[in-house]
Protein chains: 2
Amino acid sequence: MKRNSRLSSTLHILVHMAEAPDRALTSEELAGFIHTNPVVVRRTIAGLREAGIVTSSRGHGGGWQLGRAPDRISLAEISAALGETLLPFSTEPESPGCLVEQAVIAVLDDFRLEAERLLAERLSHITLADLTADFRRRYDLIGVSSHAV
Amino acid sequence: MKRNSRLSSTLHILVHMAEAPDRALTSEELAGFIHTNPVVVRRTIAGLREAGIVTSSRGHGGGWQLGRAPDRISLAEISAALGETLLPFSTEPESPGCLVEQAVIAVLDDFRLEAERLLAERLSHITLADLTADFRRRYDLIGVSSHAV
DNA sequence: CGATTCGTAACTAACTAAGTTACATGAAAC
DNA sequence: GTTTCATGTAACTTAGTTAGTTACGAATCG
């Protein structure tokens with residue numbers, strides 16, 4: 001799992017969970033999908049459990065399942081549950097009292113607030129169901145072309 | 001200079017340059033404003049020179065100046081010249097051939113494209129002149145309140 | 001009870017970016 | 001023309017972040 005790929009890795013995992021709604025997938029299995037370690041998976045998606053996006057159960061037959069239907073899970077929620085920041089730049093004061101810095105931060109924070117609102121709004125319209133639909137489209141296409149050959 | 005504060009640090013520097021249009025500021029001076037090293041400054045704003053946002057000159061009386069009027073320098077250009085990525089998440093394939101991953105990346109890349117267009121559009125409407133105006137507003141306020149006391 | 005699976009803490013390794021040193025290049029002052 | 005000042009840049013060091021790993025306790029099922 002590469003740096004900065006927590007969102008896409010998590011989505012990858014969630015699509016697999018959406019495709020196997022009848023059973024719980026173990027961290028081990030999920031880790032296999034994104035080529036990483038089970039502990040990394042548990043750590044990464046721990047926040048999703050608190051957000052109700054997934055549920056986990058222990059012991060025999062335990063593992064992870066979606067907490068609700070894929071069409072009711074938006075990318076905005078997932079991103080927020082991961083604790084991801086949509087905009088990377090920092091605006092923390094380094095010279096408190098400097099008026100130039102204050103002006104810069106004020107303008108930048110205004111922009112950030114508006115930008116985050118915009119991005120979250122757009123992400124809230126994309127659901128896990130959209131991803132599974134896209135996956136199925138690709139899957140069927142491969143199936144057809146294999147048939148043709 | 002903290003991590004991820006290259007944009008705000010650079011803006012800080014540029015406002016100082018805008019406030020001293022009659023002379024060149026040295027890397028040493030600029031570094032002082034953001035509490036860092038002259039070499040870090042030179043390295044950071046090297047891209048701005050190539051973009052024509054600033055000019056640099058060597059030797060006696062040399063240093064840095066704005067390449068054009070502050071109202072013709074937008075934050076979009078500055079951010080681009082810094083090589084900053086507005087959206088942090090990665091979408092590089094880690095399992096080429098995996099249809100789930102392909103679906104995830106396709107959706108995420110669509111979103112990114114649209115989001116970057118949106119953010120750049122907004123940043124292009126904020127100029128360095130807006131920042132200096134904000135600074136002057138704060139400066140005048142302090143002046144007045146000092147007077148009052 | 002024994003096997004399985006999550007939860008989490010603690011540690012290690014890899015990577016990134018800032019900070020630093022050093023020195024060559026160029027320009028102005030004298 | 002030599003001295004001084006400033007940028008340009010490469011190379012190295014240091015600090016901070018995050019993924020990866022190990023270890024073990026807690027919960028659950030057969």
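Just so we're on the same page: letters track the sequence lines, and every chain starts at 1.
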### Task
Name all pairs fulfilling the side-chain hydrogen bond (donor to acceptor under 3.5 Å, both in side chains) condition that reach into residues 97-110 of chain A, sequence neighbours left out, sorted by first residue then second.
Thr91(A)-Asp109(A)
### Task
Among residues two or more places apart or on two chains, list those pairs meeting side-chain hydrogen bond (donor to acceptor under 3.5 Å, both in side chains) that have a residue in residues 13-23 of chain B.
His12(B)-His16(B), Glu19(B)-Arg136(B), Arg23(B)-Glu29(B)
### Task
Under the side-chain contact (heavy atoms from CB on, under 4.5 Å) rule, what do Ile34(A) and Glu94(B) come out as? Steps first, then yes or no, please.
CA-CA 8 Å; Ile34(A) 59 173; Glu94(B) 298 181 43; 5.8 Å; no
### Message
According to salt bridge (charged side-chain N to carboxylate O under 4.0 Å, His left out), does anything in residues 58-74 of chain A pair up with another residue at least two apart or in another chain? List the pairs.
### Response
Arg68(A)-Glu77(A)
### Task
Could you note down all residue pairs passing side-chain hydrogen bond (donor to acceptor under 3.5 Å, both in side chains) where residues 44-54 of chain A supplies at least one of them, sequence neighbours left out?
Arg49(A)-Ser56(A)
### Message
Applying side-chain contact (heavy atoms from CB on, under 4.5 Å), can you list everything that pairs with Ala76(A), at least two apart in sequence or on another chain?
### Response
Ser74(A), Leu123(A), Ser124(A)
### Within 6.0 angstrom of Glu116(A) CD, more than 12 heavy atoms from elsewhere
yes
### Task
At the 4.0 Å heavy-atom cut-off to chain B, mark where contacts on DNA chain C begin and end, going 5' to 3'.
dT16(C) to dA29(C)
### Query
Are there more than 12 heavy atoms of other residues, nucleotides or ligands under 6.0 Å from atom CD of Glu92(A)?
no
### Pair listing, ring pair (Phe, Tyr, Trp, His ring centres under 6.0 Å) test, anchored in residues 54-95 of chain B, at least two apart
none
### All side-chain contact (heavy atoms from CB on, under 4.5 Å) counterparts of Ala80(B), not counting sequence neighbours
none
### Message
So Val15(B) and Asp134(B), do their side chains get closer than 4.5 Å, heavy atoms only?
### Response
no
### Message
Counting only heavy atoms and a strict 4.0 angstrom limit, can you tell me which residues of residues 36-48 of chain B come near DNA chain C?
### Response
Thr36(B), Asn37(B), Val39(B), Val40(B), Arg43(B)
### Task
Enumerate the residues from residues 50-68 of chain B whose closest heavy atom to DNA chain C is under 4.0 Å, giving them by residue number; use none for an empty result.
Arg58(B), Gly59(B), His60(B)
### Message
For chain A and DNA chain D, what are the first and last nucleotides along the strand, 5' to 3', with at least one atom under 4.0 angstrom from a heavy atom of the protein chain?
### Response
dT17(D) to dC29(D)
### Query
What pairs meet the ring pair (Phe, Tyr, Trp, His ring centres under 6.0 Å) rule with one or both residues in residues 92-121 of chain A, with sequence neighbours excluded?
none
